[in-house]
Amino acid sequence: MRHLFDLRLYLVTDPVLAGPRGVVDTVKAAIEGGVTMVQLRDPVSPTRVLVEQARFLKQILAPRGIPLILNDRVDVALAADADGVHVGQNDMAPADVRRLLGPDRIVGLSVGSPVEFAASAGSLGSVDYLGTGPVRSTATKADAGAAIGPEGLAAVVRMTDLPVVAIGGIGLGEVAGVFGAGARGIAVVSAIMAATDPGAAARDLRMEVEKGRGGQP
C-alpha cells in the first residue's frame, strides 16, 4: 500500500542552517508548528551518522503520520525504514529508485522547468510528486538554477497530473502566489531551519498555506 503524504508544508533540513540547535530539535519544533512532511538532506555527514539521524527522526515523525523522505540516499532510506526518497536531475534515475524502494514508498523528483519536465517524461511513471523551482532566487542550494517565478511553476503544473510542491526562496510573501499557480504545497529550508523560533516560523507558514489553499480539502 502506497504511503500517504501531504505536501502542504514540506520541511527540507539543512544541518548548517540549524546551527548549534541541531537538525533534530529544529524538526521537533517545526512539527509543533504544523509541517506535514520532512526531507532529511545532509550531503556532509558520514553515512552511519545519517542513518542514525534518519532512524531518530522516523521515531519522532511516524507516530504523527508525517513521512520522512531522504534526499538522494536510497541506501539510508532503506536502512532507516524511511517513507521515501527525493532525487534531483543528476541523482539516481527515478525508475531505479522505484525498483529499489518497491511500490509502496514515496518517490519525489526535482523538475526545475518545463524543459526538465520534458526531459524527465520517461521517468514520471515512477514518481509520486514533483518538486519545482526555485520559485525565487535562493542561496540555500548552490546548484538550484535560475528562479522560474510563479509563471514557471504554473507552466510545469499545467504539464502534469502529479502533485507539485514549490521550492526555492519561499517565505510568507510567496505562499499565495505559488498556490495560485497550482502548487499543492510549499517546500522550505531556510524559512524554518534558520529561523530564531522554528516552531513559530512553521506556524506562520502553515497559516499562510491554509489561506493560500482557500479551503481546498
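Just so you know, residue 1 is the first one in the sequence shown, and it goes up from there.
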Phe179 vs Val209 side-chain heavy atoms within contact, under 4.5 Å = yes

Could you list all the ring-ring contact (aromatic ring centres under 6.0 Å, His included) pairs where at least one residue sits in residues 58-95, not counting sequence neighbours?
-> His86-Tyr129

Salt bridge (charged side-chain N to carboxylate O under 4.0 Å, His left out) evaluation trace for Arg98 with Asp128 | CA-CA 10 Å; Arg98 174 61 68 200; Asp128 296 298; 2.7 Å; yes

Hits for salt bridge (Lys or Arg N to Asp or Glu O under 4.0 Å) against Arg8, two or more places apart or cross-chain, chain-then-number order -> Asp6, Glu210

Between Arg184 and Leu7, is there a donor-acceptor pair closer than 3.5 Å when you use the side chain of the first and the backbone of the second?
-> no

Partner residues of Ala194 under the side chain to side chain contact (heavy atoms under 4.5 Å, CB included) criterion, sequence neighbours left out = Leu17, Ser190

Please walk me through it: do Ile170 and Leu205 pass side-chain contact (heavy atoms from CB on, under 4.5 Å)?
-> CA-CA 10 Å; Ile170 297 174; Leu205 284 165; 5.5 Å; no

Would you mind reporting whether Val74 and Val87 have side-chain heavy atoms less than 4.5 Å apart?
-> no

Under the salt bridge (Lys or Arg N to Asp or Glu O under 4.0 Å) rule, collect the residues that match up with Asp197, sequence neighbours excluded.
-> none

Could you pull out the closest heavy-atom pair between Ala195 and Ala191, with the gap in Å?
-> CB-O, 3.6 Å

All heavy atoms of Ser113 vs all of Val156, minimum pair found to be C-CG2, 3.8 Å

Taking side chain to side chain contact (heavy atoms under 4.5 Å, CB included) as the test, write out the residues that go with Val16, two or more places apart.
-> Asp14

Would you indicate whether the side-chain heavy atoms of Leu130 and Val127 approach each other to under 4.5 Å?
-> yes

Closest approach of Val23 to Ala18 (non-hydrogen atoms, all atoms of both residues) = N-CB, 3.9 Å

Determine, step by step, whether Val135 and Ile167 satisfy the side-chain contact (heavy atoms from CB on, under 4.5 Å) criterion, reporting the C-alpha distance in whole Å, the side-chain angles of both residues, the deciding distance to 0.1 Å, and the verdict.
-> CA-CA 6 Å; Val135 175; Ile167 189 167; over 6 Å; no

Go through the steps to decide whether Gln39 and Leu70 satisfy the test side-chain contact (heavy atoms from CB on, under 4.5 Å), and finish with yes or no.
-> CA-CA 6 Å; Gln39 180 186 135; Leu70 261 295; over 6 Å; no

Residues that Arg55 engages under side chain to side chain contact (heavy atoms under 4.5 Å, CB included), provided they are two or more places apart | Val51, Ala79, Ala80

Candidate pair Val12 and Asn71, rule side-chain contact (heavy atoms from CB on, under 4.5 Å), full reasoning = CA-CA 9 Å; Val12 181; Asn71 181 267; 5.8 Å; no

Not counting sequence neighbours, list each pair that qualifies as a ring-ring contact (aromatic ring centres under 6.0 Å, His included) and has a residue in residues 145-176.
-> none

Only distances under 3.5 Å count here; give the side-chain donor-acceptor pairs of residues 114-121 to other protein atoms, sequence neighbours excluded, each with its distance to 0.1 Å.
{"unit_1": "Glu116", "atom_1": "OE1", "unit_2": "Gly112", "atom_2": "N", "d": "2.6"}
{"unit_1": "Ser120", "atom_1": "OG", "unit_2": "Gln89", "atom_2": "OE1", "d": "3.4"}
{"unit_1": "Ser120", "atom_1": "OG", "unit_2": "Gln89", "atom_2": "NE2", "d": "3.1"}
{"unit_1": "Ser120", "atom_1": "OG", "unit_2": "Glu116", "atom_2": "O", "d": "2.8"}

Side-chain heavy atoms of Thr36 within contact of Ile66, under 4.5 Å | no

Distance in Å, Leu57 CG paired with Glu52 CD, rounded so as to fall on 0.5 Å steps = 12.0 Å

From Ile106 atom CD1 to Asp83 atom CG, the distance as rounded to the nearest 0.5 Å = 5.5 Å

Contacts of Arg158 meeting salt bridge (Lys or Arg N to Asp or Glu O under 4.0 Å) (sequence neighbours excluded), chain-then-number -> none

Closest non-hydrogen atom pair between Gly88 and Ser110, with its separation | CA-CB, 4.0 Å

Would you say Leu40 and Leu50 make side-chain contact, with heavy atoms under 4.5 Å?
-> yes

By salt bridge (Lys or Arg N to Asp or Glu O under 4.0 Å), Glu208 pairs with (sequence neighbours left out) Lys211

Would Arg21 and Thr26 count as having a side-chain donor-acceptor pair, cut-off 3.5 Å?
-> yes

Scan residues 66-82 for pairs that pass salt bridge (Lys or Arg N to Asp or Glu O under 4.0 Å), counting only residues two or more places apart or in two chains.
-> Arg73-Asp75, Asp81-Arg105

Any donor-acceptor N/O pair, Glu32 side chain to Ala29 backbone, under 3.5 Å = no

Joint hydrophobic cluster, Leu9 plus Met207, side-chain heavy atoms closer than 4.5 Å = no

Considering only heavy atoms from C-beta outward, does the side chain of Val85 approach that of Val107 to under 4.5 Å?
-> no

Could you list all the ring-ring contact (aromatic ring centres under 6.0 Å, His included) pairs where at least one residue sits in residues 32-67, not counting sequence neighbours?
-> none

Leu162 versus Thr160, closest heavy-atom pair with distance = N-OG1, 2.9 Å

Less than 4.5 Å apart, any side-chain heavy atom of Arg41 and any of Ile69?
-> no

Spatial distance of atom CG (Leu109) from atom OG1 (Thr132) [nearest 0.5 Å] | 8.5 Å

Could you grab the distance from atom CG of Asp96 to atom OG of Ser126, nearest 0.5 Å is fine?
-> 8.5 Å

Looking at Ala202 and Val35, what are the two nearest heavy atoms and their distance?
-> CB-CG1, 4.3 Å

